[in-house]
Enquirer: 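Take this structure first; my questions come after.
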Amino acid sequence: MGLGRFAARRPFVVSAADGTRDRLAIERALRGRRWRPAVSPTETGMLVVCGNPGPALAEAIGVVWRDMPEPRVRVSASDLEGVAGGPRPALDLDADMADRAEDRDGLKLDVLHVPLGPVLSYWPAGLRADLTLQGDVVQEAEVTAVDTGGGTFWTEGRQAASRLDSLSRLLHVAGWEAAGESAAVLRDDALDGTADDALARRFAPFARKVGRSRTLAWMTRGFVKDRLDGLLRDIGAALEGRLVRPRETWDEAAVVLPVLLSGAELAQARLIVASLDPDLGAVGDG
């Protein structure tokens with residue numbers, strides 16, 4: 001059964017922590033059909049679930065599924081079997097009612113408790129960030145691993161592809177879809193065994209274009225720009241056979257993310273998370 005059976009041409013794709021292989025296959029299949037994944041579940045009637053979600057992530061996916069417009073279909077990446085949608089229950093709002101408190105300038109502003117994840121487009125699989133917002137500024141943040149994979153897909157021999165995947169997702173979150181897709185094509189070619197020197201020749205002009213983009217530099221200024229430049233350097237080094245820095249462990253990311261998110265604007269918070277792109281597939285189950 002193929003994706004072409006379904007009317008929706010912008011499926012919403014969500015991955016479990018062990019679903020990286022399936023996610024990459026789905027992204028490649030969508031690109032081959034010139035489909036684009038939906039950035040929000042409310043804009044489509046097709047949900048694609050990659051991997052095997054644990055109980056907490058499965059519950060979150062269920063909330064998203066119930067909120068999707070009808071007619072709708074839910075498929076797995078492995079068998080792509082459609083499941084007809086049932087009646088739509090009442091909308092489950094997942095943000096607390098607003099309190100009020102003084103912001104950093106002493107003004108009384110609403111305080112909102114807003115979760116990001118674990119079901120978002122181009123979001124690290126299995127991650128949930130609970131934010132306390134005043135206005136659009138994060139006052140406090142807590143991050144939780146709600147799903148783990150028990151073994152990473154990004155093994156030692158996939159360093160270049162791993163960084164290209166992170167770069168692709170960061171560029172998508174930044175809104176530069178064309179560049180994000182270009183990085184994804186390079187990633188898939190790396191996984192297919194294209195020679196590193198051939199990939200390096202294609203990557204070099206792409207890296208210059210991304211690195212010199214004034215719009216992207218303005219959007220990602222500060223920590224995210226440093227991370228972006230680091231990804232570009234690491235990909236170049238990996239394609240040249242040089243050592244690259246290891247990805248941060250989940251324990252390291254869990255310590256630094258709340259610090260980085262506190263004080264950031266909400267839009268910047270998504271870029272910060274994407275720039276770190278913690279791999280919860282590498283975290284042992286249980």
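In this text, all values refer to a predicted model and were calculated from it rather than measured experimentally.
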Enquirer: Please walk me through it: do R33 and L30 pass side-chain contact (heavy atoms from CB on, under 4.5 Å)?
Expert: CA-CA 5 Å; R33 291 166 172 80; L30 297 183; 5.6 Å; no

Enquirer: Considering residues at least two apart in sequence or located in another chain, which fulfil the side chain to side chain contact (heavy atoms under 4.5 Å, CB included) criterion with P41?
Expert: F12, V64, M68

Enquirer: Less than 3.5 Å apart, which donor and acceptor atoms pair up between the side chains of residues 170-177 and the rest of the protein, not counting sequence neighbours?
Expert:
{"residue": "H172", "atom": "ND1", "partner": "S168", "partner atom": "O", "Å": "3.0"}
{"residue": "H172", "atom": "NE2", "partner": "Y122", "partner atom": "OH", "Å": "3.4"}
{"residue": "H172", "atom": "NE2", "partner": "E181", "partner atom": "OE2", "Å": "3.1"}
{"residue": "E177", "atom": "OE1", "partner": "R36", "partner atom": "NH1", "Å": "3.0"}

Enquirer: In this structure, would L199 and L191 fall into the same cluster of hydrophobic residues linked by side-chain contacts under 4.5 Å?
Expert: no

Enquirer: To the nearest 0.5 Å, how far apart are CG in L239 and CZ in R242?
Expert: 10.0 Å

Enquirer: Please write out which residues are connected to M219 in a hydrophobic cluster, directly or through intermediates, given that two of Ile, Leu, Val, Met, Phe, Trp, Tyr count as joined at side-chain heavy-atom separations below 4.5 angstrom.
Expert: W218

Enquirer: Please, which pairs that meet side-chain hydrogen bond (donor to acceptor under 3.5 Å, both in side chains) have at least one residue in residues 154-166, sequence neighbours excluded?
Expert: R23-D165, E156-Q159, Q159-R163, S162-R247, D165-R187, S166-D277

Enquirer: Decide side-chain contact (heavy atoms from CB on, under 4.5 Å) for R28 and D192; before the verdict, give the C-alpha distance in whole Å, the side-chain angles of both, and the deciding distance to 0.1 Å.
Expert: CA-CA 12 Å; R28 185 192 296 242; D192 286 344; 2.9 Å; yes

Enquirer: If a pair satisfies side-chain hydrogen bond (donor to acceptor under 3.5 Å, both in side chains) and one of its residues is in residues 194-209, list it, with sequence neighbours excluded.
Expert: D189-R202

Enquirer: Can you name the closest pair of heavy atoms from A264 and A269 and give their distance?
Expert: CB-N, 4.4 Å

Enquirer: I need the R169 CZ to W123 CH2 distance, nearest 0.5 Å.
Expert: 10.5 Å

Enquirer: Restricting to non-hydrogen atoms, name the atom on D22 and the atom on G51 that form the minimum distance, rounded to 0.1 Å.
Expert: OD2-N, 3.3 Å

Enquirer: Name the residue from T148, N52, L280 that meets the side chain to side chain contact (heavy atoms under 4.5 Å, CB included) definition with D18.
Expert: N52

Enquirer: Given 3.5 Å as the limit, does a donor-acceptor pair link the side chain of S40 with the main chain of T42, or not?
Expert: yes

Enquirer: I'd like to check the side-chain hydrogen bond (donor to acceptor under 3.5 Å, both in side chains) partners of S213; sequence neighbours left out, ordered by chain and number.
Expert: none

Enquirer: Pairs of donor and acceptor atoms involving the side chains of residues 224-232, under 3.5 Å and at least two apart or interchain, shall be tabulated with distances.
Expert:
{"residue": "K225", "atom": "NZ", "partner": "D229", "partner atom": "OD1", "Å": "2.7"}
{"residue": "K225", "atom": "NZ", "partner": "D229", "partner atom": "OD2", "Å": "3.0"}
{"residue": "R227", "atom": "NE", "partner": "S275", "partner atom": "O", "Å": "3.2"}
{"residue": "R227", "atom": "NH1", "partner": "E248", "partner atom": "OE2", "Å": "2.6"}
{"residue": "R227", "atom": "NH2", "partner": "E248", "partner atom": "OE1", "Å": "3.2"}
{"residue": "R227", "atom": "NH2", "partner": "S275", "partner atom": "O", "Å": "3.3"}

Enquirer: In Å, rounded to the nearest 0.5 Å, how long is the span from CD1 of I272 to CG of L276?
Expert: 8.5 Å

Enquirer: Examine V14 and F153 and state if one hydrophobic cluster contains both, with Ile, Leu, Val, Met, Phe, Trp and Tyr joined whenever side-chain heavy atoms are less than 4.5 Å apart.
Expert: no

Enquirer: Do you know the tightest heavy-atom contact between G19 and C50?
Expert: O-CB, 3.7 Å

Enquirer: Could you pull out all residues at least two apart from D130 that satisfy side-chain hydrogen bond (donor to acceptor under 3.5 Å, both in side chains)?
Expert: R128

Enquirer: Could you tell me whether a side-chain N or O of R270 sits under 3.5 Å from a main-chain N or O of L266, the two making a donor and an acceptor?
Expert: no

Enquirer: Please report the closest heavy-atom contact between S121 and A38, naming both atoms and the distance.
Expert: CB-O, 4.1 Å

Enquirer: Would you say V39 ends up clustered with V119 if hydrophobic residues are merged whenever their side chains have heavy atoms under 4.5 Å apart, either directly or through other cluster members?
Expert: no

Enquirer: Give me each pair satisfying ring-ring contact (aromatic ring centres under 6.0 Å, His included) with a member in residues 235-262, each pair once, sequence neighbours excluded.
Expert: none

Enquirer: With sequence neighbours excluded, what pairs up with R245 under the salt bridge (Lys or Arg N to Asp or Glu O under 4.0 Å) test?
Expert: D234

Enquirer: Under a single-linkage definition using a 4.5 Å side-chain heavy-atom cutoff for Ile, Leu, Val, Met, Phe, Trp and Tyr, are L24 and I235 assigned to the same hydrophobic cluster?
Expert: no

Enquirer: Can you name the residues that form a ring-ring contact (aromatic ring centres under 6.0 Å, His included) with F206, not counting sequence neighbours?
Expert: none

Enquirer: Applying side-chain contact (heavy atoms from CB on, under 4.5 Å), run through V49 and I61 and close with a yes or a no.
Expert: CA-CA 9 Å; V49 179; I61 293 172; 4.1 Å; yes

Enquirer: Let me see the working for E43 and R10 under side-chain contact (heavy atoms from CB on, under 4.5 Å), right down to the final yes or no.
Expert: CA-CA 8 Å; E43 66 180 73; R10 297 202 68 182; 3.4 Å; yes

Enquirer: Test your reading of the model: is there a side-chain donor-acceptor pair from T144 to the backbone of V146, 3.5 Å cut-off?
Expert: no

Enquirer: Any sub-3.5 Å donor-acceptor pair from D147's side-chain atoms to L57's backbone N or O?
Expert: no

Enquirer: Would you compute the distance between atom CZ of R74 and atom CG of L47 and round it to the nearest 0.5 angstrom?
Expert: 6.0 Å

Enquirer: Does V13 belong to the same Ile/Leu/Val/Met/Phe/Trp/Tyr cluster as V185, with side-chain heavy atoms less than 4.5 Å apart forming each link?
Expert: no

Enquirer: Hey, could you give me the CG/CD distance between L133 and E265, rounded to the nearest 0.5 Å?
Expert: 11.0 Å

Enquirer: Rounded to the nearest 0.5 Å, what separation is found between the CG atom of L186 and the CG atom of L164?
Expert: 5.5 Å

Enquirer: Name every donor-acceptor pair, under 3.5 Å, that has one atom in a side chain of residues 252-263 and the other anywhere in the protein, sequence neighbours excluded.
Expert:
{"residue": "E252", "atom": "OE1", "partner": "T249", "partner atom": "N", "Å": "2.9"}
{"residue": "E252", "atom": "OE1", "partner": "T249", "partner atom": "OG1", "Å": "3.4"}
{"residue": "S262", "atom": "OG", "partner": "P258", "partner atom": "O", "Å": "2.8"}

